[in-house]
> 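Before we start, here is the structure in question, set down as structure tokens.
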Amino acid sequence: MTEKYELSEGSLRLIMKGSQIQNPIMQVLGSKRIASGSADKERFRLLLSDGKYAVSFAMLTTQINDKTTKGEIVDNSIILIKRYITSVINNSGKASNKKVLVILELETLVPGDQITKIGDPQNLPDDDTEDAPPKKESTNFTVTSSTKSSNDSTMNVTTKTANISMQDQLTHPISSLTPYQNKWVIKARVSNKSNIRTWSNSRGEGKLFSIDLIDESGEIKATAFRELVDKFYDLVEIDKVYYISRCQLKLANKQFSSLKNDYEMTFTNDTIITECHDVAADIPQTRYDFISIDKIAHVEVDTLIDIIGICKSTSDLQTFQARSTGRELKKREVTLVDQSNSGIALTLWGSEAENFDGSSQPVIVIKGAKVGEFGGGKTISTLLSSIMKINPDIPEAHRLRGWFDNEGVQNNITNISAKSTASRFDTPWISIKDVQEQNLGQGERGDYFQFKGTVLLFRSERALYKACPSEDCNKKVNDLENGMYRCDKCSRDFPNFKYLLLGSVNVADWSGNMWVSLFASEAEKILGMTSQAVGEASENSPQALAEIADKTHFKQFIFKCRAKMDTYNDETRLKTVAIRVEPINYKEYNAQVIARIKQCLS
DNA sequence: CCCCCCCC
């Protein structure tokens with residue numbers, strides 16, 4: 001084992017001086033949990049050895065904490081460090097800064113239980129300022145690049161005087177920031193920037209804007225208030241990289257941010273922000289934590305999530321008044337699908353909705369979309385703080401594009417935004433014979449059922465009446481024979497009325513026939529005419545209604561009915577109302593027929 | 001110190 005994985009002897013000394021060593025191999029001699037402000041943000045500190053030197057201040061970035069909690073890193077484990085940064089931590093109040101090695105990515109080469117301690121490593125002193133060993137000394141590792149300070153023996157690593165420029169300092173990883181320590185400099189990219197917003201409440205009023213900052217180790221939100229808005233708003237530009245120092249840290253309110261950080265920062269009068277023109281490639285763009293669409297079905301409402309999906313379809317732009325504020329709102333609904341063969345409705349707002357063009361079925365990526373619920377299905381919506389990208393150049397987007405074009409486009413998609421109105425789906429399909437034999441309609445609410453029926457007769461007598469012209473009143477009016485019409489329900493006389501149909505139809509299926517009654521809206525669907533048009537035709541010709549009714553014969557529809565016992569003139573009998581008459585959806589109808597045939601065969 | 005983010 002030891003032959004196979006030789007430790008990168010001497011590499012720790014160079015690393016702690018700021019050099020970049022390619023894939024150094026180290027042994028873990030110890031690890032311990034570091035107490036932290038919040039329980040879910042634990043950190044791990046490692047005692048690392050390169051076989052020659054040992055360093056006790058190495059940390060795992062929190063993203064890879066699971067390496068220790070899963071038991072992958074135990075004492076004596078040999079690890080390959082794939083990515084790391086060195087940084088300076090000021091022990092608040094103490095005179096000297098401390099160098100720290102933050103491991104961003106690692107691979108365990110040999111589990112600790114299969115090996116013992118290698119060599120007799122000596123602690124590397126904190127104030128190690130001697131020159132690094134000359135390069136000709138034989139080493140088994142490669143120095144790929146070194147920081148400016150590594151060929152300068154005075155090193156800025158332990159310097160914190162204000163008159164050196166920030167560029168000369170080693171920067172701190174965002175993930176190492178805490179409210180307990182405020183001497184730091186981060187080098188971070190602005191991945192999102194809000195507009196300037198004002199507020200006014202019981203605690204006062206003012207204005208603010210916020211930005212999202214990202215580096216290789218993590219991300220954090222930063223907010224500027226009041227006069228600091230004027231100072232920084234124009235200075236800070238989206239996608240650019242800055243050195244930032246002297247902000248105040250506080251606990252983040254997770255409800256309002258999807259960023260993976262327990263803290264957020266507030267700009268202060270002492271905050272310094274300078275642009276970094278020498279942008280290292282290792283400052284990432286936006287970081288996402290995508291959740292697949294099928295899993296959103298189980299996510300709590302109001303949670304902020306990151307999502308990637310193909311825009312399968314889009315609705316037209318809709319404009320309406322907000323009920324609460326009365327403000328005019330614009331929205332567009334987009335259906336996103338992904339490899340889980342699930343779809344979800346995404347709502348875009350305002351100008352984002354207006355300008356959106358989904359005709360090419362692009363990949364949509366959103367950081368910080370809000371999960372909502374409508375009619376029992378889950379939906380998502382963008383917020384002002386969301387970042388939306390169309391066809392971003394990231395591996396996940398290319399993978400999704402490939403899946404959709406090759407396969408997903410023809411897959412059946414389960415839409416998790418579908419309304420789940422149980423009663424509608426459960427309406428049983430039964431025959432007319434069953435309706436008559438099953439003694440339906442005894443209950444208070446009546447019984448609901450549906451069937452495919454053929455119209456045998458549309459009764460034209462008394463199919464039309466003059467109704468109250470008030471919008472929501474369909475009461476029959478009395479013709480006062482003086483040009484006025486009285487509505488008893490509204491207790492008013494009107495100079496006009498509206499025509500309404502009151503349908504009564506004899507419908508048949510394979511098993512029998514029965515009479516069903518229909519409200520105007522459904523009778524209109526069978527006649528293919530509005531009540532008003534039928535009424536006007538009748539005024540011109542007394543035969544018109546009979547002729548119109550004749551044309552309905554042998555038309556077929558799906559009748560969704562309610563059967564209920566009804567008492568009229570002391571006579572109690574079953575009354576069936578077709579509450580909805582719909583054209584036959586053969587896909588749905590045939591599925592039901594096939595299901596019943598299968599049931600018969602089993 | 002904000003934290004509103006809308007509708008069916």
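Reckoned from all heavy atoms, side chains included, excluding hydrogens, waters and symmetry mates. Within every chain, numbering begins at 1; the chains are lettered A, B, ... in the order of the sequence lines, protein sequences first and strands thereafter.
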> Distance check needed: B:dC5 C1' versus A:Lys331 NZ, whole Å only.
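After rounding, the reported distance stands at 14 Å.
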> Look at atom NZ of A:Lys193 and say whether more than 12 heavy atoms of other residues, nucleotides or ligands are closer to it than 6.0 Å.
yes
> Got a salt bridge between A:Asp306 and A:Arg287, using NZ or NE/NH1/NH2 to carboxylate O under 4.0 Å?
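Looking at A:Arg287 together with A:Asp306, the answer is no, because their closest N to O distance does not fall below 4.0 Å.
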> Using atom CG of A:Asn195 as one end and atom P of B:dC5 as the other, report the distance to the nearest whole Å.
17 Å
> Between A:Arg327 and B:dC7, is there a side-chain N or O to OP1/OP2 distance below 4.0 Å?
no
> Starting at atom CH2 of A:Trp199, determine the distance to atom P of B:dC2, rounded to an integer number of angstrom.
6 Å
> Over 60° means perpendicular and under 30° means parallel, so classify the ring planes of A:Tyr288 and A:Phe290, tilted if in between.
parallel
> Could you check which residues of residues 301-321 of chain A get a heavy atom under 4.0 Å from DNA chain B? Sort them by number, please.
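DNA chain B contact set from residues 301-321 of chain A: A:Phe320.
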> Could you tell me how far apart A:Leu251 (CG) and B:dC3 (P) are, to the nearest whole angstrom?
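Going from A:Leu251 (CG) to B:dC3 (P), I get 19 Å.
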> Just by modelled atom types, is the A:Ala297 backbone N or O under 3.5 Å from a matching donor or acceptor in the A:Lys378 side chain?
yes
> Can you tell which of B:dC7, B:dC5, B:dC6 lies closest to the side chain of A:Lys370?
B:dC6
> What side-chain donor-acceptor pairs closer than 3.5 Å can you find for residues 521-530 of chain A, not counting sequence neighbours?
from	atom 1	to	atom 2	distance (Å)
A:Glu522	OE1	A:Lys525	NZ	2.9
A:Glu522	OE1	A:Val581	N	2.8
A:Glu524	OE2	A:Ser531	N	2.8
A:Glu524	OE2	A:Ser531	OG	2.8
A:Lys525	NZ	A:Val581	O	3.1
A:Thr530	OG1	A:Ala533	N	3.0

> Grab the CG-C1' distance between A:Leu348 and B:dC5 for me, whole Å please.
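It is 13 Å, rounded to the nearest whole Å.
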> Whole-Å distance between B:dC3 C1' and A:Glu205 CD?
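To the nearest whole Å, that distance equals 17 Å.
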> Taking atom CD of A:Gln321 as the centre, does the number of heavy atoms from other residues, nucleotides or ligands within less than 6.0 Å exceed 12?
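Yes, because the 6.0 Å sphere around CD of A:Gln321 holds more than 12 heavy atoms from other groups.
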> Do any side-chain atoms of residues 383-390 of chain A form donor-acceptor pairs under 3.5 angstrom with protein atoms, and if so which ones, sequence neighbours left out?
from	atom 1	to	atom 2	distance (Å)
A:Ser386	OG	A:Gly368	O	2.6
A:Ser386	OG	A:Leu383	N	2.7
A:Ser386	OG	A:Leu383	O	3.3
A:Lys389	NZ	A:Thr286	OG1	3.1

> Can you name the residues that form a ring-ring contact (aromatic ring centres under 6.0 Å, His included) with A:Phe356, not counting sequence neighbours?
none
> Round to the nearest Å and state the distance from A:Leu384 atom CG to B:dC3 atom C1'.
11 Å
> Would you mind reading off the distance between A:Leu208 atom CG and B:dC3 atom P, rounded to a whole angstrom?
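My rounded result for the distance is 7 Å.
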> Going by number, which of residues 219-227 of chain A have a non-hydrogen atom under 4.0 Å from DNA chain B?
A:Lys221, A:Thr223, A:Phe225, A:Arg226
> Show me, pair by pair, the donor-acceptor contacts under 3.5 angstrom made by side chains of residues 195-203 of chain A, not counting sequence neighbours?
from	atom 1	to	atom 2	distance (Å)
A:Trp199	NE1	A:Gly204	O	3.4
A:Asn201	OD1	A:Arg203	N	2.9
A:Asn201	OD1	A:Gly204	N	3.3

> Using a cut-off of strictly less than 4.0 Å, decide whether A:Asn253 has a side-chain nitrogen or oxygen near OP1 or OP2 of B:dC2.
no
> Looking at B:dC3, B:dC5, B:dC6, which one has an atom nearest to any side-chain atom of A:Leu329?
B:dC6
> Is A:Phe374 stacked on the base of B:dC8, meaning ring centres closer than 5.5 Å and planes within 30 degrees of each other?
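Per 5.5 Å and 30° rule: yes, stacked.
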> We want to know whether A:Asp357 and A:Ser359 form a side-chain donor-acceptor pair, criterion being a heavy-atom distance below 3.5 angstrom.
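Side-chain D/A pair, A:Asp357 to A:Ser359: present.
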> With sugar-phosphate meaning primed atoms plus P, OP1 and OP2, does A:Lys207 contact a base, only sugar-phosphate, or nothing at under 4.0 Å between heavy atoms?
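The residue A:Lys207 makes no contact with any strand.
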> With a non-hydrogen cut-off below 4.0 angstrom, is A:Glu264 in contact with a base, only sugar-phosphate, or nothing?
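Answer is base: heavy atoms of A:Glu264 come under 4.0 Å of a base.
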